[in-house]
Every structure is written in structure tokens, then in C-alpha cells.
Amino acid sequence: MSVICWFRKGLRLHDNPALTAAIDQGMELFPVFVLDPWFVANARVGPNRWRFLHESLTDLDNSLKAIGSRLFILKGKPEEALVKYYSKFDVKAITWEYDSEPYSKERDQRIEEISESKGVKVIIKHGHTLYEAERIFKANGNKVPLTYQAMQKSMSNLGAPPKPKPAPSQLPSHCEPKNKALMTSTKFNIPSLEDLNIDVSELLPPLYPGGESEALKRMKKCLSKKQWICNFEKPKTSPNSLEPSTTVLSPYLKFGCLSSRLFYYELAKVYEGNKHSQPPVSLHGQLLWREFFYAVGALSPNFDRMEGNPICKQIPWSNDQKLLEAWKHVRLQGRTGYPFIDALMTQLKREGWIHHLGRHAVACFLTRGDLWQSWEEGMKVFEEFLLDADWSLNAGNWMWLSASAFFHQYFRVYSPVAFGKSTDPDGDYIRKYIPALSKFPTKYIYEPWKAPLSDQKAAGCIIGQDYPRPIVDHDIARKKNLQKMSNAYKADKEKRGADDTSNKAKKKK
DNA sequence: TATTGTGTTGGGATG
DNA sequence: CCATCCCAACACAAT
């Protein structure tokens, strides 16, 4: 008799309720990860995030081995791969961590039904977020919280989040498989990235290696800077510093290498007795933003699309592949001709992470600010390149920045020239990520097309040749787009008004 | 139903 | 250089 602990997110031993529940079953334990071909075919996972996952699984396997178990990798559709081993391992129960993403919900529903039909008990635990979305929904008067304030209010109604539980030390002897050969069988080893047909040829050494060990190390390093923790205000951190100005714990939270509840309480310890910043700008506030988007994402239909999404403004974005590709810059060099934007996109592609405000700048530029392309396209690019690409947060923030939901002051447009200057007046960030501009005079580094030809020659970079001219004139595009936004908002309001009256008419009948 | 207050993190002019 | 104010103008929540 055995129990499977099915890892998906939550790639950690600490504060892992699904793992604890599995151990408590008092049976042989099989910690399992399923390599699901759906992700290869449908999810936009770039090589960098594949590597992060691979590193996280390797770390998890090592940690499990250290306490007397191991990770078993199964390949194939979960409903087939898991069921195959239900009989082979004589499985009586399976545990997993609740996952609110649409594909996961559907998948888990299927596995739950199949498992129960096979006499396998299903145990589902919450561990990925501070609070369960359903509880937030109830605490908000059975409504989806659509503002940060409403979210904060419902969370304060719920009280403090559950305390994190420590990682299990040596496993009880009942957990070890009776068939000792399974513990060393290479059949269940983690395949290499090459075996998975991931092209790693263009990857640079990882700046943010995956795994729980790395996550805890990184968190501890952050927590040791007590002043910094207490004074942290997100809007005051820099999007274009040469080293990240924030924690870069997001990839670890996304994969569950780090428990959000552990980080929450570790921060609280540092705060205790000290004056400290408050949500939404504090580090606690950042965790609450994550909660916010997770909750809305879990409770709203069609959250990652404009069509059929009730909270999303319907805006007639255009679809211009050339503009999109310039923004995404398919080739190594930046392609929009705006150095700040191109440098950010270069960092994104190369390192898998850019600062939150940098994401604002490029997202605004692609959508309502300059290029008038759909936020869904931008979301897909982020999904491919970000190590921390997280379904709810990604869709939610793209709606925010494109003024499609949550945020509506669309006349506030980030300037691709001025915005970066305040935190990096010399343009060192641009010089780092766009070598062609490295010798450009500071005066023109944010708008190189304005430099006299003599300066361009001296810097060894001719605009239009060694670095592109701007693909749009920001001042013109901005004005045009403001008008389009205004029209779209009016049309949206009218449409909603019409829907309302027809709804009311129906009710009266 | 109308009114008022508020909104994580802009830009530009002014002193 | 910086802090401060205004710009122009919207949706949504609260009342």
C-alpha cells in the first residue's frame, strides 16, 4: 500500500501541506513529478524557464534523498502516467497542492474522478497562496475583489494567514518503498534538458538558479538587510539598475520553491518592533499583490483574454506583426529604436527577469502608449521569457498596464525617453544591454536619433545602420492612442449600459 | 440615482 | 537638483 505525493508547483519540502499529508498516511511514499506533454505543446515555456524547472526538480530530488526518499519522474499525460502506477505501486491515496489555473483545475478534476473510480483517495491541500481564493471571495461579501483595497479589507477580515510548517527531517521508516531497487532505478531519473529537446545553445549561465535551496538562501540574504526590508517601497526601487533593486524571489514563489507564507512571516519577524513601510508599497504589500491577482484570476472567467472577459475593457487593438516583432526583437539587437525599451527587452530575453517598473514601461509601450498592440500578445511574450511567468499575475498586470482592467487613467503614459532617466541619468543600463550604444554621449543615450552625425560617428554607432531609428514617434503615437482609448472607453460604457438595460428589461419580464 | 472621493509607482512646468 | 503643483479626465467604490 502506498501514497503518491504529486508535485506540480510547490517544489519544496518546507511548508508543504500536500507532502505532510502524504507522510501522515502511514504508507510507502512516492513523491512524483509528471512531465506532461501538454506543457511542451501548449505552454510557452522558453529554455530559460525549462532550465529553472530542471534545476528545481534536481534540488527537490536531492532534498528528498537526504531525508530517505527520492523524486520519481513519470512521463505522459497525468491521467495515464499516474493511473499506470496506481496498480504498479499499489496506490491507495494521492495528495497534491491546489492549483487555480484553468488547465490545472480541469486536469485535477479529471484525475480526481479517475482516482476515486480506482479506489484511490484524493487529498487536496492549499499551500501556494497566503489565503484560498474562495475564502477571500466570501470575506468580500461573495464578490470578486477588484481593487487592492477591497482585497486588503477581506484579508483583514480573515485574520493572519496560516503559519508555515517546517520541512520534514528524516522520514518515518514506513515511507520507504519495500522494493529497494526503486530507490536507485534510473528509469525515474530527471531527464536532461537535451533529452527533453530543449535548445539550450543560447542560454547564458543562470543568474537565478532554480530550487528550494537557492530560494531559501536568497530569502535569507534579503532578510539580513533589516533596514532595507523595513524601508522598502516598491515605487522607489529602480527599474534600470545594473543589479536588481528588488528581491528577485518571484521565480521561486511562482514554482513554489519558496512558500509565500514563510516569506510573509519571515518579513513580519523583521518588521516586529521597527518602523516599517506598509502595503501596497512594502514587501508584505508585494505578497498581497500576488494574492490579489491570484484571487481575481481564480474567480473571473476568461481572465487571460479580452473576449468574453467581463472585467476587461473591449479595445480595438491592431495586429501588426512587424511592430510586435520589433518590440519582442526577435534578433539579438533592440529593434524599437527606443534604447530604454530595447534594453529592457534584451535583459528579459537574456536573464529571464526585469524589474516590475520595467515591465510597466515595455507593456505600456506595446499597448496603449505607442504600438497599439493587444496586451494578450505581450502577455504571451512575457510567458515565454520570464522565469517568474505566473498565469494570474501575468494576465492581471497586462490588463492593468493596458488600462483594460483595474487601472483606468489611460492618459498617464510612460515616456520611453523620460521615464528611465530619473533612475539612470547616465544610461549605464542601456550601455550594458545595448553594446552598440555603449560609447554614445549621455546627452543622447535615451534618444540617439537626435545626436548630430559627428557624435554618431565618434561613438561608432550610426543611427539607422548600427542601431535602428524609432519605429514610431512617441509624441504622435501617444496622442493618437489617447484618442483611441477615449473612444474605446466610451464605446465600452455604452455597450455595458445597453447590456444593463436589456438585463433589467429581462428582469422585469 | 446622483455625488463625492479615490486611485501601488506619469509628465511637464514652475520655483 | 529637488519638491510641488497642475494637467485632463476616467472608472469604480462608497454613500
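What you are looking at is a predicted structure, and each value in this text was computed from that prediction instead of being measured. Proteins come first, then strands; the chains are lettered A, B, ... in the order of their sequence lines, and each starts at number 1. We use all heavy atoms of the structure for the numbers below, so side chains are in, but hydrogens, waters and symmetry mates are not.
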Lys/Arg-Asp/Glu bridge criterion (N-O < 4.0 Å) met for [X], [Y]:
X: A/Arg12; Y: A/Glu212; value: no
X: A/Lys328; Y: A/Glu384; value: yes
X: A/Arg261; Y: A/Asp15; value: yes
X: A/Asp370; Y: A/Arg478; value: no

Measure from [atom1] on [X] to [atom2] on [N] and round the result to the nearest Å.
X: A/Tyr410; N: C/dC7; atom1: OH; atom2: P; result: 17 Å
X: A/Asn481; N: B/dG10; atom1: CG; atom2: P; result: 19 Å
X: A/Asp492; N: C/dC10; atom1: CG; atom2: P; result: 13 Å
X: A/Arg359; N: B/dT8; atom1: CZ; atom2: C1'; result: 15 Å
X: A/Tyr148; N: C/dC12; atom1: OH; atom2: P; result: 21 Å
X: A/Asn397; N: B/dT8; atom1: CG; atom2: P; result: 13 Å
X: A/Gln152; N: C/dA14; atom1: CD; atom2: C1'; result: 17 Å
X: A/Tyr414; N: B/dG12; atom1: OH; atom2: P; result: 14 Å

Using the [atom1] atom in both, what is the distance from [N] to [M], to the nearest Å?
N: B/dG7; M: C/dA8; atom1: P; result: 22 Å
N: C/dA11; M: B/dG11; atom1: P; result: 22 Å
N: C/dA9; M: B/dG5; atom1: C1'; result: 15 Å

Output the single nucleotide from [options] whose closest atom is nearest the side chain of [X].
X: A/Gln286; options: B/dT8, B/dG11, C/dC12; result: B/dT8
X: A/Thr147; options: C/dA13, B/dT8, C/dA11; result: C/dA13
X: A/Arg412; options: B/dG11, B/dT8, B/dG10; result: B/dG10
X: A/His408; options: C/dA14, C/dC12, B/dT6; result: C/dC12

Q) At under 4.0 Å, does any side-chain N or O of A/Lys490 touch on OP1 or OP2 of C/dA11? A)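 No, outside the criterion.
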Q.
Does B/dG10 have OP1 or OP2 under 4.0 Å away from a side-chain N or O of A/Gln409?
A.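 No, outside the criterion.
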Q: Indicate, with a heavy-atom threshold strictly under 4.0 Å, whether A/Tyr489 touches base, sugar-phosphate, or nothing.
A: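 Result for A/Tyr489 = sugar-phosphate.
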Q: Pick base, sugar-phosphate or nothing for A/Glu233, based on heavy-atom distances below 4.0 Å to the nucleic acid.
A: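 Since no nucleic acid heavy atom lies under 4.0 Å of A/Glu233, the category is nothing.
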Q. Below 6.0 angstrom between ring centroids: does that apply to A/Phe293 and A/Phe406?
A.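 Judged by ring-centre distance (under 6.0 Å), A/Phe293 and A/Phe406 do meet the cut-off.
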Q.
Taking pairing as Watson-Crick or G-U wobble with both contacts under 3.5 Å, can you name the mate of B/dT8, or confirm there isn't one?
A.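 When the pairing criteria are applied, nothing turns out to pair with B/dT8, so the answer is none.
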Q. Given that both distances must come in under 3.5 Å, which nucleotide forms a Watson-Crick or G-U wobble pair with C/dA9?
A.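 Check on C/dA9: unpaired, no WC or wobble geometry under 3.5 Å.
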Q.
According to a cutoff of under 5.5 Å between the ring centres and under 30° between the ring planes, does A/Trp289 stack with the base of B/dT8?
A.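 It does: the two rings, one from A/Trp289 and one from B/dT8, meet the stacking criterion.
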**Q.** Short side-chain to backbone donor-acceptor contact, A/Arg368 and A/Tyr410, under 3.5 Å
**A.**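 Checked: pair present.
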